[in-house]
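Right, one structure below, let's go through it.
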Amino acid sequence: MKLTCDGLRVLVTAAGSGIGRAIAETLLTNGADVHICDLAAERLAECQKALPRIGVTQADVADPRQVDPLFDAAVAHLGGLDVLVNNAGIAGPTGPVETLDPAEWDRTMAVNINSQFYCARRAVPLIKSAGGGAIINLSSAAGLFGYP
């Protein structure tokens with residue numbers, strides 16, 4: 001079965017490498033227009049070189065002050081938005097609770113939870129004005145299963 005994404009305008013977060021990049025490449029290959037963000041400027045430059053049609057913005061989606069400019073750039077590149085892929089996530093600290101650094105905990109919650117809210121908050125009005133679309137929130141198996 002062939003995936004058809006013709007004409008879809010998609011923003012993928014944390015897509016400079018790994019799963020996010022694979023998602024972006026698959027969408028592009030199947031006809032979507034794609035804009036990505038990542039923290040690493042060098043990864044974005046490599047993506048743009050390898051995939052000239054892709055739009056790129058360096059942004060930390062865990063920082064609400066960086067989400068608005070990201071969405072402004074994505075909409076300027078795509079002409080609207082049909083799909084948001086909330087891919088950003090980090091492993092975070094592990095260990096006995098009494099040993100965890102609160103700053104590491106806060107960063108993990110900001111990336112894994114808050115960023116999905118910040119991006120969805122901006123995406124929903126755009127998707128509504130496009131007549132509908134989708135928001136895809138990714139998580140790891142760690143989101144379903146606890147570890148000792």
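For reference, positions follow the sequence shown, starting with 1. Hydrogens, waters and symmetry mates play no part in the numbers below; they use all other heavy atoms, side chains included. Nothing here was measured: the structure is a model prediction, and the numbers come from that model.
For the atom pair CG (L51) and CG (L27), the distance works out to 11.5 Å, reported to the nearest 0.5 Å. In this structure, the separation between CG on D33 and CG on D6 is 9.5 Å, given to the nearest 0.5 Å. Annotation: the span from N87 atom CG to N137 atom CG amounts to 10.5 Å, rounded to 0.5 Å. One distance of note links NZ of K49 with SG of C47; it measures 12.5 Å at 0.5 Å rounding.
Under the 4.5 Å side-chain contact rule for hydrophobic residues, L8 and V34 share a cluster. Put simply, I127 and V75 are part of the same group of oily side chains (I, L, V, M, F, W, Y) that touch within less than 4.5 Å, one to the next. Note on F117 and L81: same hydrophobic cluster, where clusters join Ile, Leu, Val, Met, Phe, Trp and Tyr whose side-chain heavy atoms are under 4.5 Å apart, directly or indirectly. By the criterion of side-chain heavy atoms lying less than 4.5 angstrom apart, applied directly or through intervening Ile, Leu, Val, Met, Phe, Trp or Tyr residues, L138 is grouped together with V12 in one hydrophobic cluster.
At least one side-chain heavy atom of K128 sits less than 4.5 Å from a side-chain heavy atom of V124. Side-chain contact between R122 and D72: present, with at least one pair of heavy atoms (C-beta onward) separated by less than 4.5 Å.
Using a 4.0 Å cut-off between charged nitrogen and carboxylate oxygen, D82 and R9 count as a salt-bridge pair. Using a 4.0 Å cut-off between charged nitrogen and carboxylate oxygen, R107 and D60 count as a salt-bridge pair.
Contact detail for T13 and C37: the closest heavy-atom pair is CA-SG, 3.6 Å. Nearest heavy atom pair, residue R53 against residue L28, reads NH2-CD2, 3.4 Å. Heavy atoms only, all atoms of each residue included: A59 and L70 are closest at CB-CB, 4.2 Å. Shown here for L126 and S129, the closest heavy-atom pair between the two residues is O-OG, 2.9 Å. Considering every non-hydrogen atom in both P93 and E104, the closest pair reads CB-OE1, 3.4 Å. The two residues A15 and D38 come nearest to each other via the heavy atoms N-OD2, 3.6 Å.
Summarising the local packing, CD1 of I19 is surrounded by 12 or fewer heavy atoms from other residues, nucleotides or ligands at distances under 6.0 Å.
Remark: of the listed residues V56, L11, I54, L11 is the sole one forming a side chain to side chain contact (heavy atoms under 4.5 Å, CB included) with H35. The only option from V61, N86, L84 that meets the side chain to side chain contact (heavy atoms under 4.5 Å, CB included) definition with Q116 turns out to be N86.
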| message | Let's go through I23 and V10 carefully: what are the C-alpha distance in whole Å and the side-chain angles of both, what is the deciding distance for side-chain contact (heavy atoms from CB on, under 4.5 Å) to 0.1 Å, and is it a yes or a no? | response | CA-CA 10 Å; I23 291 167; V10 184; over 6 Å; no
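Take Y118 and apply the side-chain contact (heavy atoms from CB on, under 4.5 Å) test, not counting sequence neighbours, and it matches P64, V67, N114.
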